[in-house]
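Reviewing the structure listed below.
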Amino acid sequence: MSQTSDHQDQVKIQNMNRQLVIKNLRKEYVPGARVLDDLTVTMHAKDITAVIGPSGTGKSTLIRCINRLIDPTSGEIYFDGKDLSKLHGKQLRIARRHIGMVFQEYNLVERLTVMENVLSGRLGYVSAWRAWLRKFSTEDISAAFSLLEQVGMADFASQRADALSGGQRQRVSIARSLMQSPTILLADEPTSSLDPKTSVEILELMVNQAKSREIPVIINIHDVSLAQRFADRILGMSNGKIVFDGAPAELNDEHLKVIYGGESWLT
Amino acid sequence: MINLSVNTEERRWSRFTLTEKLIRFVFYVAILSSIIVSIRTIQVIPEFLYDAPEQMADMLNRMWPPDLSYYPESIHEALLETIHIATLGTLLAVIFAIPIGVMVAENITPYKWLNWLSRLVLVSSRSINSLVWALLFVAVFGPGPLAGVFAIAFRSIGFVGKLFGEALEESHQGPIEALQATGASKLSIMFMGYWPQVLPTFWSVLLFRWDINIRESAVLGLVGAGGIGVSLSTALELFYWDRVCMVLISMLVVVATVEFLVTQIRKRII
Amino acid sequence: MVDLNISQNRAQSRQYFGRCNWLVILCWLILFLYLSYVFSLFELTTERFLIGLDNGAKFLGRMIPPNFSRHELLIEGLVESLQIGIIATAAGVLLSLPLGFLAARNLMPIWVTWFARGIIVLCRSFHPVIVAILFVKAVGFGALAGVLALIVASIGFIAKLFAEAVEEISLKQIEAIRSTGASFSNIILIGVLPQVMGRFIGFASYQLDSNLRNSTMVGLVGAGGIGGTLFAAFQRFDYDFVAAILLSIVAVIMVGEGINNVVRRIYR
């Protein structure tokens with residue numbers, strides 16, 4: 001009896017650790033002009049969270065504060081038992097190893113092959129010497145091949161990244177982030193540079209992979225219909241604050257007006 | 001559900017194929033061995049190497065302060081002469097480089113032997129240093145700026161001709177085809193089709209080469225071909241280090257000014 | 001209606017072309033005046049020119065056929081030039097890689113880049129021959145002076161262009177590598193180097209070619225290599241030997257260019 005409840009506790013703790021807790025997050029690029037205005041939100045494990053809002057409202061800043069590509073001015077970000085906003089140097093790098101990120105412009109190393117790009121997901125773990133000689137372990141290489149199969153890019157392993165189409169690049173980019181065995185996945189406008197059909201495919205891929213690994217996903221997206229289709233929870237941001245927080249079904253035109261301001265773009 | 005099937009075959013990946021690895025390996029070995037052989041066989045007296053910093057410090061000491069009176073005495077005229085040599089030489093080179101560039105462009109001159117011959121001319125021109133050309137022309141024309149002008153010209157033909165030919169080969173064929181369709185003569189096509197396209201490259205190459213030629217003309221005087229090299233040579237032979245320093249400073253100023261000028265012209269016009 | 005347009009167009013084009021022509025004529029005039037000035041300054045009379053041509057013909061006659069009898073001397077000189085060129089390029093490349101990185105404004109703090117760029121500018125300021133002369137005075141005659149002079153020349157070229165290449169890289173690719181938690185050296189190795197390696201190798205092979213050419217010349221001022229042999233032959237009026245030397249130099253450089261192209265292809 002006690003064993004199962006212990007185990008259940010453990011799972012609960014694990015799941016709780018996979019919560020992302022943001023408290024009073026503030027970012028000011030110019031003093032006084034707050035891009036993130038004391039944001040407080042908790043994102044649960046296994047949730048697909050979509051952040052929507054007009055350009056310049058801080059969505060991208062929010063995502064980048066989590067893995068500290070941008071440093072917040074103040075506030076706390078708790079994940080996996082640590083405050084990400086206070087980490088530096090090696091600690092930060094270790095934390096980043098477990099945070100996967102997918103970018104709007106794929107950000108692959110263009111002149112390297114697909115395989116090398118996927119393997120670069122393990123760069124947090126290999127020494128400079130091995131990185132230079134591209135000496136990755138057999139486990140890493142097997143994992144890379146398997147991931148490429150899962151994203152549907154197995155045939156492209158030896159191709160240079162700049163020879164691929166946008167959708168293909170984003171698949172490789174997803175494989176790279178999954179290579180890190182992440183405990184959370186971030187995506188900054190992953191479909192903004194893709195055509196509608198490919199956008200759906202990419203989002204499906206991301207969501208399926210995340211669900212099967214039981215990790216939370218936070219996606220920045222400006223296409224509201226895509227957000228409603230794939231997300232479990234939607235956060236609407238406006239002027240650095242969260243003005244909507246709820247299930248996709250609850251999002252109605254009134255909310256959208258508050259988030260985006262104006263009506264002319266509503267059909 | 002996560003795919004739990006075990007993959008029994010071990011898949012390998014490496015950055016280069018076996019042949020690529022072999023070629024790169026051979027190459028590394030070749031490069032490394034040539035470096036090592038060179039280091040071991042070069043005739044260098046080690047004592048001179050260890051002595052070097054002290055000697056250099058001594059030389060720099062003797063150079064400072066520079067002899068400012070040397071400027072009006074000898075440097076000023078020599079500098080002007082250097083600039084004239086460079087300018088004249090570049091202009092002369094252009095006169096030859098344009099026809100040779102046309103001949104080396106495979107899309108304009110369809111005769112292989114002509115391409116080959118002009119390429120040979122251009123390579124020879126580039127392979128022989130302007131200083132060596134200067135030696136030759138001093139033997140032909142006697143010492144003085146005339147030799148310098150020809151030395152600069154003959155060295156620059158290779159540079160300008162090669163880049164000009166490449167610009168011609170890379171020009172868009174669209175306008176050319178349009179002109180051909182109107183029945184224009186080959187010469188008209190040259191003037192109206194190719195020339196306007198290569199004009200910006202032409203000016204750019206011209207300016208670039210003029211800039212380089214100013215530097216090159218400065219040293220030609222060392223072998224007697226006129227310009228500030230003569231002032232330098234005199235000062236060096238007599239060990240007037242402060243005058244040497246003055247010459248070097250004046251050279252620096254001229255080269256910096258010319259580079260500045262060229263960058264400005266590039267920004268405005270090209 | 002149509003007539004009006006045509007005459008309007010004609011007037012406009014006359015205006016346009018008239019203006020252009022005026023400027024072009026002015027340029028040609030300036031050019032002509034400049035040339036007359038310089039010709040008189042240099043005492044370039046047709047008489048001198050014709051005498052020169054005559055001399056030139058005689059000169060050419062003495063150069064042909066080229067005389068390869070003193071080939072040991074020739075080979076010795078060429079080998080020394082090759083040694084100078086190879087060592088100078090190797091050392092120059094090794095020094096330029098870190099220096100170029102230090103001079104890149106997108107990677108390093110300002111004071112570091114100013115320092116690095118200062119060194120690079122200093123290396124570029126003077127013609128390799130002048131640098132060679134100074135080194136000859138400092139370390140004595142021989143190949144050492146030549147090697148040092150060409151190292152300076154190599155740094156001035158490679159480090160400058162390499163710094164510019166590093167400044168032009170896409171920071172987005174680096175951002176992605178940073179986000180995986182990679183160390184600084186890993187970021188440089190996988191994020192920066194692949195973007196600039198191709199161009200770096202291009203610069204290095206160009207400089208090898210340039211150093212081989214220059215190594216034939218620094219001998220003229222006593223810094224070792226075949227330039228010395230050439231100069232000596234000139235002074236002895238051995239013009240047929242001079243011709244032999246020149247031909248060998250051209251041959252060596254052509255071979256060098258060929259190897260250059262092969263290297264480019266291997267390293268993509």
Side-chain angles (χ1 to χ4, degrees), chain B residues 20 23-24 27 31 34-35 37-39 41-45 48-49 51-53 55-56 58-59 80-81 84-85 87-88 91 123-124 126-132 135-137 139-142 144-147 149-150 215-216 218-219 222-223 226 229 232 236 241 244 248 251-252 255-256, chain C residues 31 34-35 37-39 41-44 48-49 51-53 55-56 58-59 79-80 82-87 90 125-127 129-130 133-135 137-140 142-144 147-148 213-214 216-217 220-221 224 227 230-231 234 237 239 242 246 249-254 257 263 266-267:
Chain B
E20 281 180 325
I23 297 179
R24 288 172 82 107
F27 224 78
I31 293 179
S34 59
I35 294 178
V37 165
S38 304
I39 295 182
T41 56
I42 197 168
Q43 289 176 358
V44 168
I45 304 172
F48 281 6
L49 183 55
D51 219 13
Q55 296 287 339
M56 300 227 279
D58 178 51
M59 184 180 74
L80 288 176
E81 193 175 77
H84 292 316
I85 293 178
T87 317
L88 217 56
L91 289 173
V123 170
S124 318
R126 288 202 320 274
S127 308
I128 300 178
N129 261 288
S130 41
L131 216 55
V132 175
L135 267 179
L136 289 172
F137 283 112
V140 169
F141 287 116
L146 182 58
V149 170
F150 272 87
R215 274 179 238 251
E216 303 260 304
V219 296
L222 291 170
V223 293
L232 183 62
L236 276 171
W241 290 109
V244 169
L248 292 178
M251 277 197 206
L252 254 181
V255 166
Chain C
L31 190 65
Y34 176 72
L35 286 176
Y37 167 65
V38 177
F39 275 38
L41 192 68
F42 285 1
E43 294 169 23
L44 292 181
R48 260 195 84 179
F49 188 66
I51 296 179
L53 280 184
N55 272 348
K58 281 195 217 141
F59 193 69
V79 164
E80 193 169 47
L82 278 174
Q83 291 167 337
I84 294 177
I86 292 178
I87 298 179
S125 313
F126 295 110
H127 198 268
V129 169
I130 298 190
I133 293 180
L134 294 178
F135 273 118
K137 298 293 177 188
V139 301
L144 180 60
V147 170
L148 291 173
R213 283 166 215 261
N214 284 341
T216 63
M217 176 180 62
L220 282 170
V221 294
L230 183 62
F231 195 56
F234 243 103
F237 304 106
Y239 293 133
V242 166
L246 287 177
I249 292 179
V250 174
V252 165
I253 298 210
M254 284 182 76
E257 269 195 27
V263 171
I266 291 186
Y267 283 87

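Here is the naming used below: chain letters follow the sequence lines, and residue numbers restart at 1 for every chain.
No other option in C:Thr216, C:Leu144, C:Val252, C:Asn55 has as many heavy-atom pairs under 4.5 Å with chain B as C:Leu144. Between chain C and the residues B:Val149, B:Val123, B:Thr87, B:Val223, the most heavy-atom pairs under 4.5 angstrom are made by B:Thr87. Contacts with chain C were tallied for B:Arg126, B:His84, B:Arg215, B:Met251; B:His84 has the most, counting heavy-atom pairs under 4.5 Å. When the candidates C:Val221, C:Ile84, C:Ile87, C:Val147 are compared by the number of heavy-atom contacts under 4.5 Å with chain B, C:Ile87 comes out ahead. Your options are B:Leu236, B:Val255, B:Asp51, and the one with the most heavy-atom pairs under 4.5 Å with chain C is B:Leu236. Of the listed residues (B:Val132, B:Val37, B:Val219, B:Ile35), the greatest number of heavy-atom pairs within a distance under 4.5 Å of chain C belongs to B:Val219. Ranked by heavy-atom pairs under 4.5 Å with chain C, the first of B:Asp58, B:Leu222, B:Leu248 is B:Leu248.
Taking B:Ser130 as the reference, B:Arg155, B:Glu216, B:Leu220 meet the side-chain contact (heavy atoms from CB on, under 4.5 Å) condition, with sequence neighbours excluded. Under the ring pair (Phe, Tyr, Trp, His ring centres under 6.0 Å) criterion, C:Phe39 pairs with no residue, sequence neighbours left out.
With B:Asn129 contributing its side chain and C:Arg213 its backbone, the two residues share a donor-acceptor pair below 3.5 Å.
Within a 6.0 Å sphere centred on OH of C:Tyr34, other residues, nucleotides and ligands contribute more than 12 heavy atoms.
Using a 4.5 Å heavy-atom threshold, the side chains of C:Ile51 and B:Phe141 count as separate. Using a 4.5 Å heavy-atom threshold, the side chains of B:Leu135 and C:Val242 count as separate. C:Leu35 places a side-chain heavy atom less than 4.5 Å from the side chain of B:Leu88. Looking at heavy atoms from C-beta onward, C:Leu31 lies in side-chain contact with B:Leu91 at the 4.5 angstrom threshold. Contact check for C:Ile133 versus B:Val244: no side-chain heavy atoms found under the 4.5 Å cut-off.
The CG atom of C:Leu41 sits 7.0 Å away from atom CD of B:Glu81, with the distance rounded to the nearest 0.5 Å. To the nearest 0.5 angstrom, B:Ser127 atom OG is 9.0 Å from C:Ile249 atom CD1.
Only the side chain of C:Phe126 comes within less than 4.5 Å of a heavy atom in chain B; its backbone stays farther off. Both the backbone and the side chain of B:Leu136 come within less than 4.5 Å of a heavy atom of chain C. Contact annotation for C:Leu230: only side-chain heavy atoms (C-beta onward) come within less than 4.5 Å of a heavy atom of chain B. Neither the backbone nor the side chain of B:Phe137 comes within contact range of chain C; no heavy atom of the residue lies under 4.5 Å from a heavy atom of that chain. For B:Ile85, the parts lying under 4.5 angstrom from a heavy atom of chain C are both the backbone and the side chain. With a threshold of 4.5 angstrom between heavy atoms, C:Val129 approaches chain B through side-chain atoms but not through N, CA, C or O. If you measure heavy-atom distances from B:Ile128 to chain C, the contacts under 4.5 Å come from the side chain alone.
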